[in-house]
There are 6 protein chains.
Amino acid sequence: MSNISHARVSSNAPYSEGVLNRSDDATIRSALARIPTTAALDLLKEQDPCQLVLSNVKTLFPLEGSIAGRARTLRFLPTRVDYRKAPGEPPNFRLLDATQPGDFLIFDAQGWPRGSVLGDMLALRAKINGAVGVATDGVMRDLVGLEGVGLPVFATSTFPVPSAPTLVAWEADVPVQCGGALVVPGDWILADRDGVIVIPERWVNDVIDGFEIFTKEEQFCRALLLDGLSLHQAYPMPPAIRPLFERYLSDGRLPSEAEVLKANGGH
Amino acid sequence: MSNISHARVSSNAPYSEGVLNRSDDATIRSALARIPTTAALDLLKEQDPCQLVLSNVKTLFPLEGSIAGRARTLRFLPTRVDYRKAPGEPPNFRLLDATQPGDFLIFDAQGWPRGSVLGDMLALRAKINGAVGVATDGVMRDLVGLEGVGLPVFATSTFPVPSAPTLVAWEADVPVQCGGALVVPGDWILADRDGVIVIPERWVNDVIDGFEIFTKEEQFCRALLLDGLSLHQAYPMPPAIRPLFERYLSDGRLPSEAEVLKANGGH
Amino acid sequence: MSNISHARVSSNAPYSEGVLNRSDDATIRSALARIPTTAALDLLKEQDPCQLVLSNVKTLFPLEGSIAGRARTLRFLPTRVDYRKAPGEPPNFRLLDATQPGDFLIFDAQGWPRGSVLGDMLALRAKINGAVGVATDGVMRDLVGLEGVGLPVFATSTFPVPSAPTLVAWEADVPVQCGGALVVPGDWILADRDGVIVIPERWVNDVIDGFEIFTKEEQFCRALLLDGLSLHQAYPMPPAIRPLFERYLSDGRLPSEAEVLKANGGH
Amino acid sequence: MSNISHARVSSNAPYSEGVLNRSDDATIRSALARIPTTAALDLLKEQDPCQLVLSNVKTLFPLEGSIAGRARTLRFLPTRVDYRKAPGEPPNFRLLDATQPGDFLIFDAQGWPRGSVLGDMLALRAKINGAVGVATDGVMRDLVGLEGVGLPVFATSTFPVPSAPTLVAWEADVPVQCGGALVVPGDWILADRDGVIVIPERWVNDVIDGFEIFTKEEQFCRALLLDGLSLHQAYPMPPAIRPLFERYLSDGRLPSEAEVLKANGGH
Amino acid sequence: MSNISHARVSSNAPYSEGVLNRSDDATIRSALARIPTTAALDLLKEQDPCQLVLSNVKTLFPLEGSIAGRARTLRFLPTRVDYRKAPGEPPNFRLLDATQPGDFLIFDAQGWPRGSVLGDMLALRAKINGAVGVATDGVMRDLVGLEGVGLPVFATSTFPVPSAPTLVAWEADVPVQCGGALVVPGDWILADRDGVIVIPERWVNDVIDGFEIFTKEEQFCRALLLDGLSLHQAYPMPPAIRPLFERYLSDGRLPSEAEVLKANGGH
Amino acid sequence: MSNISHARVSSNAPYSEGVLNRSDDATIRSALARIPTTAALDLLKEQDPCQLVLSNVKTLFPLEGSIAGRARTLRFLPTRVDYRKAPGEPPNFRLLDATQPGDFLIFDAQGWPRGSVLGDMLALRAKINGAVGVATDGVMRDLVGLEGVGLPVFATSTFPVPSAPTLVAWEADVPVQCGGALVVPGDWILADRDGVIVIPERWVNDVIDGFEIFTKEEQFCRALLLDGLSLHQAYPMPPAIRPLFERYLSDGRLPSEAEVLKANGGH
């Protein structure tokens, strides 16, 4: 769809373009929005989950539940007297003008704490265009204004001076790092009170599909703990009681304490 | 005025004394209290605004709006066995007893995180004397007590042991650093949720005078964005639409989208 | 009592075992729960109070008042391919299953920020067993889940990946460091909004016994400050007005401003 | 020349290509190699010299004099399970194979301390191809091997594990940051014992041309100091003695102490 | 042998005791002493080598080649007024008195930079007893004295005050962390100019056995690079030229450039 | 002597002036120059020696032995657009012009790493005036030039841009912090390879007087260790063998191993 191609604001970033089927995105977004980041990472535990966390990037405002979107990226570089702007149109303005519903904007500020990469006006433009969130490993400014906009924003802290004297928005829609994690345009981003993570496209369905059984297992184990059973007996679920869990899955019936103890071999 | 001279608690700090006209201070304070720190720094963008920020110094409690006052300063140095106290009367007690309405106390703790420079009793004395706030690049203690006092306080964190084993209040009303910024007695201090900044006396009227038009410009641009115009068309305000802004200033009339596009040359 | 001995999950930690009289613990806990950490440290000011603070360990949720309990400890070490688990049963599960009412769990994570040492299921087990709190100089995860459990928890931050890839729970009920402080099993732990501190057994009664007079003294001085007296006259209490304080202790009568000035020698 | 165009290993980096006249580079290199980094930065003092320093990037071996070359760049990003390699041929190998005489390789490792971006084999290939140096804001490994190769190398430290588990070489010959400075392919790099700096093409002749007079001025001032004159009289050169310096430039004659004092007005 | 058992200075550390055959240690030590840490880690690349590095622990003096020994460990904890010493005899003195030839002492100082864990007298005792080295993630003191002793020592830095006011040696011969790596008594420690690493017992023969072929492969590839071949052709060794390497192993004959190009398919 | 009073470059610093007897300084300097910093701190172990260390301040060049001098101080503050210079004459130039033989210059740069507070020209002036060293908790520049001057210099690192854009020399000869230690003009400064420490005037004779016996004790214990005695028997010197040490002091005779064992009670 031509809409999408003009959405890419730099020509050297063919990432994901071909494979994205934007019509499914809304479905994925709402499925992910039910999943805590911790659950998603547990479901990705074979994929080196530490590499999927945007470290030290936290919500600036109280946040309910999870937010999910497709990564759109922006790369900042240090300013130099002869490069107060990047060549061409400023990519941050271009990216925000080209933002589409469901985009989650990821700003690679290289951890720089002394130049804000987002204030209320740019946040407003992103919000109007349908962005679901903005995250950076740098800082933002104008907490009152940003809160007024109402777009979920994630950063390491705040600093009241804009990025102009120290950082320059260099290019958009290219692979970046953010908080020590690789983010490629088209990746899925999931954020909640615990932080911001990246879910590569190839695993997003594993996460969504695995979440139901994951939740059931947590419910099952929590119920046993609430019955007074020990971690040894109940969590992480010992293989010996898995048949009782299968029964719970089929008929919703929780085992008695005696059943659990017996299954675990009486100790 | 004798009132002022006894307020200075060390004889070697003639900063600002001569030029201060305390009778105007209340007017300036209330004017500044309408201005966010981010706006003030934008209005000071030619003055190297990064140098005006007390880095990492943040409000310890929820805060509404802005707070402004004249800087009164206190310089801490590391304790040594032979200097558990500074020569003479403790300058922190003297400063707090000599605090006057409208003073904003700035404690240079050199970023030291393991000795609190303010607890509830000293905060209470400052409050009673009319201080508008206290900021330090060190730490404070007794959140419950400080919250009870109700004086706005700004610090890098908290630590429950007082400064005595590690820091000594050395002198008051002298130039200091705080959070990496130079603060000279008599400077204006402005603080809000985004942080704490210093506004040198010579620029305070520029900030106050510039704020009205600055606000109008933000309102104008925000309205255009809310109309769906792009950053390219609307913000930062392109020179081509400034006549439309002038019209808005004179009669409050916002331009239509078509007017903006036309003014910007149709692209 | 056999209950206690099975509570100790490693044989090499005889700390305090012999001297603990668990029947008094509830009394001590409720006495400590009235004391702010700052007051306790002031009462311990001869005992090098900086060494008693678990630095950078803060409550993850809003907290009312103080919480006190006996230290139970857990020591984490870095993971290695050949030591993904410690020898024997996992000590974190054993410790949580052996937790007893009034225990305050202290997890030594050596400040590691990238592996969570507590999530909601383990917190639930601790809560059911009567733990009063968990503190670590590492990180925790699942803020929503932890908040749901309702157990007070203290950490340096959050990280959404569990400790397994990077940390291994190595042994329980041994002396550890946490936040740069030594914590020995059986020590008292006291926590509030200002942080978490350790009170060695031998001084806990000093703290409890000293708190009443400490509070009276603070009330007395605060009243004088509220009367408009200077720090020089009122706080820290000058020796010259101590007789007035003694009178206050005996009959609750606060001195007049004139009485204070006279006692202080008229200046 | 076709040689140059194949030297660029990624198509999206047209920086400097058009304007470089490689035939002059050897001349510039040898001119720069006489200039200390401190002198170059003094000559660039109007260009915000702090932004030209690759902070914390230091020579790993004893170094004589200065080294200069054209920047060739390499950008690393964090590894992810699904991106153990960048798309296409590994750009670090391609860059090193395409290195040309006079190239100064700049590796943007984003300050990562736990994965080496250069060992002895790659250094050897760079050396054979004529590289004059390699600098990174990350780390290198194999000090013995690197010293054997003899190529000047600059890094923040060493770490004995290669980058593969944590960093991926992503693209070459694009603008990067290194040590907090912007480096664009084709920039001049100058390095000595004091560190590594970038000199944008447009100012390189200013530096070279200004160095002679700069050196003379330093010699002149040093001679006066060695004569026992004060900084007040001799350095930084007071305007009043500039005629004496002009005389020195023309005939090599240093002024007497009396001449200097007289020129400075006798004080 | 009773000698060994009294060498273990705490009863709760059965690590390795049973399996060590000290008579082989000298052979292993001299085999390891030929291997650079970087080569050992390359040979352990399937074992998560980053976890085997004692980060930031560097030699304090110029060092030739590699040093290898069995880990003996010492764990420091923070001092507290009531624990200026650990219970029982000071474990650091006991450990040093019980040091045996070939021991490599590892001091877990938890990264503490302000209390020295080794000075010249203790180093001398270790040296006399046959220690091959001492490494800590803390600091040491008395560079002149330590250099005089001549024992290789590795630390993060120096600090001239001993550990007594801030750290207490708590126990010896137990598992510890050092520089973020797990070290278990009996592990092999290998150190050179690049740093200090731990080689678990189970892999030490893999390292020793693999080193010869590893070295041959490096020599082979280096020779090809010196012939002017590209990394693409020569390093890391492409599978297509492995037969040429096998030939080199059997008869020492290096391939010609043409042979390599042909084997690699002519490109 | 009028010479001294004009040496003080700011009027608000009466520290030590009255009590200094400069004629004794040369004697003290040469006595201190025989004492390592570690020995001096051991002799000051009752005076909280950690507070006497200028942390992270290290010699920039190879250094033999110890250097001692009287502290002259300089305090830097952050630059601000309206305070590019301090009021009055630049205090760094004034201090260096007023430097006297035996002065040890201490520059409080508040740990700032990005602006050099000393280059070769200023170092030359200090050297000519007889300074014995310069130490800062900031950075210096021009290693080649500084090495040429030959004045011992101590800093945290180097940075090639001068302080002017970021720091301003504010006042001289006032109490400062440096590396977290309080330094008052007139204090003694002692520096060697291990670092830089401050010795308050009142204790300098204790250090000098105590050093001889301290050295004897170290020699005695070292000799016992070299004889193969354990730390338990020999170091720190057990009270039971002190009579043997007294004998050694009187006649230089070292005890036999048997004598030591017997004195220590045979164990």
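Below, all heavy atoms of this structure are taken into account, side chains as well, without hydrogens, waters or symmetry copies. We name chains A, B, ... by the order of the sequence lines, and we start the count at 1 in each one.
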- Message: Can you tell me which residue among Pro160(B), Pro162(B), Ser116(B) is in a side chain to side chain contact (heavy atoms under 4.5 Å, CB included) with Leu41(C)?
- Response: Pro160(B)
- Query: Among Ala39(C), Pro49(C), Cys50(C), which has the most heavy-atom pairs under 4.5 Å with chain B?
  - Reply: Cys50(C)
- Message: Out of Asn56(C), Leu44(C), Val53(C), return the one with the most heavy atom pairs under 4.5 angstrom to chain B.
- Response: Val53(C)
Should we say atom [atom1] of [X] is surrounded by more than 12 heavy atoms from elsewhere, each under 6.0 Å from it?
X	atom1	result
Glu246(C)	CD	yes
Asp227(C)	CG	yes
Gln219(C)	CD	yes

- Item | Side chains of Gln233(C) and Asp97(B) in contact at under 4.5 Å (non-hydrogen atoms) | no
- Item | Minimum side-chain heavy-atom gap Asp120(B)-Arg222(C) below 4.5 Å |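 Yes, at least one pair of side-chain atoms sits under 4.5 Å.
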- Identify which part of Ser157(B) has an atom lying under 4.5 Å from any heavy atom of chain C, answering side chain, backbone, both or neither.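 Contact with chain C: side chain only.
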- Item | Residue Leu143(B) versus chain C: region with a heavy atom under 4.5 Å |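 Contact with chain C is through both the backbone and side chain of Leu143(B).
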Pairwise distance [atom1]([X]) to [atom2]([Y]) - rounded to 0.5 angstrom:
X	Y	atom1	atom2	result
Leu225(C)	Leu124(B)	CG	CG	5.0 Å
Glu147(B)	Arg193(C)	CD	CZ	4.5 Å
Leu224(C)	Met121(B)	CG	CE	8.5 Å
Met140(B)	Asp194(C)	CE	CG	12.0 Å

- Residues Phe93(B) and Tyr235(C): closest non-hydrogen pair is CE2-O, 4.2 Å
- Task: Side chain from CB out, backbone as N, CA, C, O: work out which of these in Leu226(C) comes under 4.5 Å of a heavy atom of chain B, or both, or neither.
- Result: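 Looking at Leu226(C), backbone and side chain both touch chain B.
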- Task: Would you mind checking which part of Lys45(C) comes under 4.5 Å of any heavy atom in chain B, side chain (CB onward), backbone (N, CA, C, O), both or neither?
- Result: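 Neither the backbone nor the side chain of Lys45(C) comes within 4.5 Å of chain B.
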